[in-house]
Amino acid sequence: MTVAALARAASSSTDAVRHYERVGLLPPPPRSPDGYRRYDESAIDRLHFIQGAQRLGLRLREIRELLSIRDTGVCPCGDAARLLRGRLDEINAELTRLTSLHSTLVEMVDQIPSQDCPDPSPGVWRPPTATAS
């Protein structure tokens, strides 16, 4: 199938298919005599794997690593678990950062006296000061 047909079959774009080939996630397919890429059905499965891994937040280099293990015929479960645990650690750190940011914003909003206060001058906004209890 052509790049366009593969992209349609995998609910992707032709640019994404070409990019995945360029960065080594899709192996270069054979070409027709007129130079068109000709993918087989296995490319659809591979694209779905890439898309699923991206939805989990894995980076292209991590996906490439899993695909190379998968291509050897060895079960990538141990490596997938390691990568997913690392991704979970990153997400937990980001959640901690966002929770702190949320608290800071709530404190700032609570300190605003009214809806009609003037816009602050550049550089005036500062973190809320701790109040003595």
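For clarity, every value in this text was computed on a predicted model and none was experimentally measured.
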**Non-hydrogen atoms of A9 and I44 that approach each other most closely** = CB-CD1, 3.7 Å

**Request:** Tell me, with the steps shown, if E41 and M1 meet side-chain contact (heavy atoms from CB on, under 4.5 Å).
**Result:** CA-CA 8 Å; E41 294 295 317; M1 73 187 91; 3.5 Å; yes

**Prompt:** Of the non-hydrogen atoms in P27 and Y39, which two are nearest, and what is the gap between them?
**Reply:** O-CE2, 4.5 Å

**Message:** Tell me whether the count of non-hydrogen atoms from other residues, nucleotides or ligands lying under 6.0 Å of CZ in R85 goes above 12.
**Reply:** no

**Steps toward side-chain contact (heavy atoms from CB on, under 4.5 Å) verdict (M108, T104)** = CA-CA 6 Å; M108 290 176 80; T104 301; 4.2 Å; yes

Please list every donor-acceptor pair under 3.5 Å in which a side-chain atom of residues 46-57 meets a protein atom from a residue at least two apart or in another chain.
from, atom 1, to, atom 2, distance (Å)
R46, NE, L25, O, 2.6
R46, NH1, D71, OD1, 2.8
R46, NH1, D71, OD2, 3.3
R46, NH2, L25, O, 3.2
R46, NH2, D71, OD2, 2.9
Q51, NE2, A10, O, 2.9
Q54, OE1, Y20, OH, 2.8

**Message:** Show, in sequence, the C-alpha distance, side-chain angles and deciding distance for I63 and L60, and conclude whether the side-chain contact (heavy atoms from CB on, under 4.5 Å) test is met.
**Reply:** CA-CA 5 Å; I63 297 169; L60 294 183; 4.3 Å; yes

**Request:** Report yes or no: does S12 contribute a side-chain atom to a donor-acceptor pair with the main-chain N or O of A16 at less than 3.5 Å?
**Result:** no

**Lys/Arg N to Asp/Glu carboxylate O, R59 vs E65, below 4.0 Å** = no

**Asked** Are L67 and V23 connected in the hydrophobic side-chain network, where two residues link if heavy atoms are under 4.5 Å apart?
**Response** yes

**Message:** As an exercise, state the distance from CD of E90 to CG of L95, rounded to the nearest 0.5 Å.
**Reply:** 12.0 Å

**Item:** For the student: nearest non-hydrogen atoms of A7 and S13, plus distance
**Value:** CB-C, 3.6 Å

**Request:** Give the C-alpha distance, both sets of side-chain angles, the deciding distance and a yes or no for salt bridge (Lys or Arg N to Asp or Glu O under 4.0 Å) between R18 and E21.
**Result:** CA-CA 5 Å; R18 289 184 187 103; E21 183 183 333; over 6 Å; no

**Asked** Roughly how far apart are L58 CG and L83 CG, rounded to 0.5 Å?
**Response** 6.0 Å

**Request:** Would you sort out whether T2 and R37 count as a side-chain contact (heavy atoms from CB on, under 4.5 Å), showing the intermediate values?
**Result:** CA-CA 6 Å; T2 64; R37 293 171 174 89; over 6 Å; no

**Request:** Identify the residue among I91, N92, L98 that makes a side-chain contact (heavy atoms from CB on, under 4.5 Å) with E94.
**Result:** L98

**Complete:** To the nearest 0.5 Å, atom CD of E62 lies from atom CG of L84 at 9.0 Å

**Message:** Determine whether a donor-acceptor pair (N or O, by modelled atom type, separation under 3.5 Å) exists between the side chain of S103 and the backbone of T99.
**Reply:** yes

**Prompt:** Which pair of non-hydrogen atoms, one from R64 and one from G24, has the smallest distance, and what is that distance?
**Reply:** CG-O, 4.4 Å

